[in-house]
Amino acid sequence: MSYIEEIRALVGHRPLILVGALVVIVDGQNRVLMQHRTDDNNWDFPGGFMEMGETIEETAKREVFEETGLKVSELSLLDICSGKDYFFEYPNGDQVLAVGAVFFSRTFSGELKADGIEGSEVCFFPINQIPMAVLRSTRLVLEKIAPKIIGQ
């Protein structure tokens, strides 16, 4: 049982402050990797919440591998996201206020494939052709990072 599952067993759906990481992966054609989530049918960056004993970088790398099959080797911190704009209520009723480290990487290897559990599809999109079905928080991150991606 994961740390979050253990906590949820104790507190139910009540709001939790959770630390997580997401990774903006950009390929050689300046396209951004997105995952089509199965829980809410939105597109998002690969990422997730920290488990006990992990560093935030380990969380980022683990989540990317679990969700996309890719291994990222270099991460650079782009931003820390927190506050009311990062409050989520999941379809199952769980409430989370996320504190998220947003990482960037252009160095990855492996075979791109959705895990079929958290995501039904993973693919690269040009930054100006990101699907409209994204969370508000994902749009906020895109707005913050787009100039950095385009400028690199």
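Note that the numbering runs from 1 along the sequence shown for the chain.
- When hydrophobic clusters are built by joining Ile, Leu, Val, Met, Phe, Trp and Tyr residues whose side-chain heavy atoms come closer than 4.5 Å, directly or via intermediates, Leu33 is grouped together with Leu75.
- Residues Leu22 and Met34 are members of one and the same hydrophobic cluster, defined by side-chain heavy-atom contacts under 4.5 angstrom among Ile, Leu, Val, Met, Phe, Trp and Tyr.
- Side-chain contact between Val122 and Asp115 is absent, with no heavy atoms from C-beta onward closer than 4.5 Å.
- For Phe124, the ring pair (Phe, Tyr, Trp, His ring centres under 6.0 Å) partners at least two apart in sequence or on another chain are Phe108.
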Atom pairs and distances, donor-acceptor, side-chain atoms in residues 44-53, under 3.5 Å, two or more places apart:
{"from": "Asp44", "atom 1": "OD1", "to": "Thr138", "atom 2": "OG1", "distance (Å)": "3.0"}
{"from": "Glu51", "atom 1": "OE1", "to": "Tyr3", "atom 2": "N", "distance (Å)": "3.1"}

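- For the residue pair Ile56 and Ala101, the shortest heavy atom distance occurs at CG1-CB, 3.7 Å.
- Counting heavy atoms from C-beta outward, Tyr86 and Val141 have side chains that approach closer than 4.5 Å.
- Using a 4.5 Å heavy-atom cutoff, the side chains of Val23 and Glu63 are not in contact.
- Placement of Leu18 and Tyr90 within a single hydrophobic cluster is found when ILVMFWY residues are connected by side-chain heavy-atom separations under 4.5 Å, directly or transitively.
- Tracing side-chain contacts under 4.5 Å through hydrophobic residues (I, L, V, M, F, W, Y), one reaches Leu97 starting from Val99; they form part of the same cluster.
- With sequence neighbours left out, the ring pair (Phe, Tyr, Trp, His ring centres under 6.0 Å) criterion links Phe65 to no other residue.
- The shortest side-chain heavy-atom distance between Gln95 and Glu89 falls under the 4.5 Å cut-off.
- To the nearest 0.5 Å, atom CG of residue Asp27 and atom CD of residue Gln29 are 5.0 Å apart.
- Trp43 has its side chain out of reach of Ile130: every pair of non-hydrogen atoms, C-beta onward, lies at least 4.5 Å apart.
- For the pair Ile117/Glu66, no side-chain contact is recorded, criterion being any heavy-atom separation below 4.5 Å from C-beta on.
- You'll find the side chain of Asn30 reaches within 4.5 Å of the side chain of Arg106, heavy atoms only.
- Leu135 and Met132 fall into different hydrophobic clusters, where Ile, Leu, Val, Met, Phe, Trp and Tyr side chains are chained together by heavy-atom contacts under 4.5 Å.
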